[in-house]
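Just so you know, these numbers use all the heavy atoms, side chains as well, and skip hydrogens, waters and symmetry mates. Note that ligands are numbered from 1 as they come in the structure, with each ligand's atoms numbered from 1 the same way. Quick caveat, the model's predicted, so the values are computed rather than measured.
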Amino acid sequence: MTSPAVSAAATARRSGPLAGTARVPGDKSISHRSLMFGGLASGETRVTGLLEGEDVLRTADAMRAMGARIERPGAGNGGEWLIRGTGNGALLEPDGPFDFGNAGTGSRLTMGLVGSYDMKTTFTGDASLSKRPMGRVLDPLRLMGTQVLEAAPGDRMPLTLHGPKVAAPISYRVPMASAQVKSAVLLAGLNAPGVTTVIEPVMTRDHTEKMLKGFGAEIEVETDAEGVRHIRLLGQSRLTGRDIIVPADPSSAAFPIVAATIVPGSDIVVPNVLMNPTRTGLILTLQEMGANIEVIARRDAGGEEVADLRVRHAELRGVTVPPERAPSMIDEYPVLSVAAAFAEGQTLMEGLDELRVKESDRLAAVARGLEVNGIDCTEAETALAVRGRPGGKGFGGGTVKTHLDHRIAMSFLVLGMAAEKPVTVDDRATIATSFPEFLGLMRELGAEIG
Ligand code: S3P
């Protein structure tokens, strides 16, 4: 078990105009899946632009423990990762427990992956991950024949699974908008005979479907007249290694984008950002609020659309963000709330039930963080209203509890860059889970963070 990084506070101060190029690291969702699918496929997978954050490195460890060979031969950013997979159906029983740290995606997708194998696996995580509900993944796995040998109350980690001799393919309607649950069922289906079907009433990020197809899986998606997606995967087919280029993570790009929008005089470029429509809800919302985001050179990069984004400071106005947009910006509500604090009028965000079960209860964490920094907001069970004040006069002066949540830490540091008084977050170490370069990158743009 690796020891947790020492936690230390960080403080952001009102900064001069941000300028320059913000090269944000690779997409976290695609990075996890690259290691998993590459580790499972026959032959070699080469990955460029992999996010080398703590969460993703835990997934690499788990795949290695099950027989995949995963190396990073070169040095420096953007280096290539080389993976030689076991072949579909040929994962080995690991010697010890998996420690997934803070990583919800890594742990839930891996539960799916191993859930259909006749072997025992144990999952552990940090205090945040141990509070998160795993029943949403264990329930469909139980239908496929997986036994949950041990689990903390409420189907939480630490937990131990044992898959069946032969898994039963199922048809499963995902009860909440969750790409992790969808993906876990599909990954379990990879080692089940016959067709596993996932029915997805509300579309979520589609990286699993797209990438599995790229690895040669027999998978098809049909959208019916009601807009419900039916994803059918034929199990026990061959997966073959391939080359992957990981675009910049729109969920990480969100921080410099909002920072440049609220810090007067700013003008930055964020290159190579993933523009998959299941991920761009924040950009759309900020544009509706009056943000100045220019989408330059939209292009295809290895099967995903990417673009360079030029972002300049702008005066914002409050909007109502409809609940159906939530899946395409689910990780971006904390930083959108910070943007909303600088907008004229009220921003109302609805349909936020899933925010309660992220790395922290993000609805509560955001509301408390805004309140201690003098920002007027109302927290409801599944909604948040923020009443903004352009210019940020009187904002700041508070210390924000991050609750082991990287996106809470980064969002409130962005607040501090434009608030009148400094903003402190109690733990900067958590940022390394998804965006280890954050502090250095923001300082290079001109942000004052100590
Ligand atoms: C992810 C899905 C989302 C998101 C998470 C990454 C994925 O979680 O919040 O950061 O890569 O599948 P849910 O599936 O719980 O919404």
Ligand 1 versus K182, non-hydrogen atoms closer than 4.0 Å: side chain, backbone, both, neither?
-> neither

I would like to know whether M119 and M66 meet side-chain contact (heavy atoms from CB on, under 4.5 Å); could you show each step before the answer?
-> CA-CA 11 Å; M119 64 186 194; M66 292 190 286; 3.8 Å; yes

Qualifying residues under ring pair (Phe, Tyr, Trp, His ring centres under 6.0 Å), relative to F342, sequence neighbours excluded = F395

What is the nearest protein non-hydrogen atom to atom 11 (O) of ligand 1, stated with its residue, atom name and distance?
-> S29 OG, 2.7 Å

Could D249 and K28 be called an ion pair, given the rule that one side-chain N must be under 4.0 Å from one carboxylate O?
-> no

Answer yes or no on whether R242 is positioned over the face of F215, meaning its NZ or CZ is under 6.0 Å from the six-membered ring centre and within 45° of the axis.
-> yes

Within-cut-off N or O pair, L109 and ligand 1, under 3.5 Å = no

Please could you name the atoms of ligand 1 that I330 approaches to less than 4.0 Å, counting only its heavy atoms?
-> 9 (O)

For atom 7 (C) of ligand 1, which of H207, R136, R132, R33 has the closest heavy atom?
-> R33

Name the closest protein heavy atom to atom 10 (O) of ligand 1, giving the residue it belongs to and the distance to 0.1 Å.
-> D331 OD2, 2.7 Å

Identify which of K358, K28, E332, E359 has a heavy atom lying nearest to atom 8 (O) of ligand 1.
-> K358

Pick one: which of L404, D126, D405, I408 meets side chain to side chain contact (heavy atoms under 4.5 Å, CB included) with E359?
-> D405

So, E52 and R72, do they make that salt bridge, N to O below 4.0 Å?
-> yes

Considering the heavy atoms of T105, write down every atom of ligand 1 situated less than 4.0 Å from one of them.
-> 1 (C), 5 (C), 6 (C), 7 (C), 11 (O)

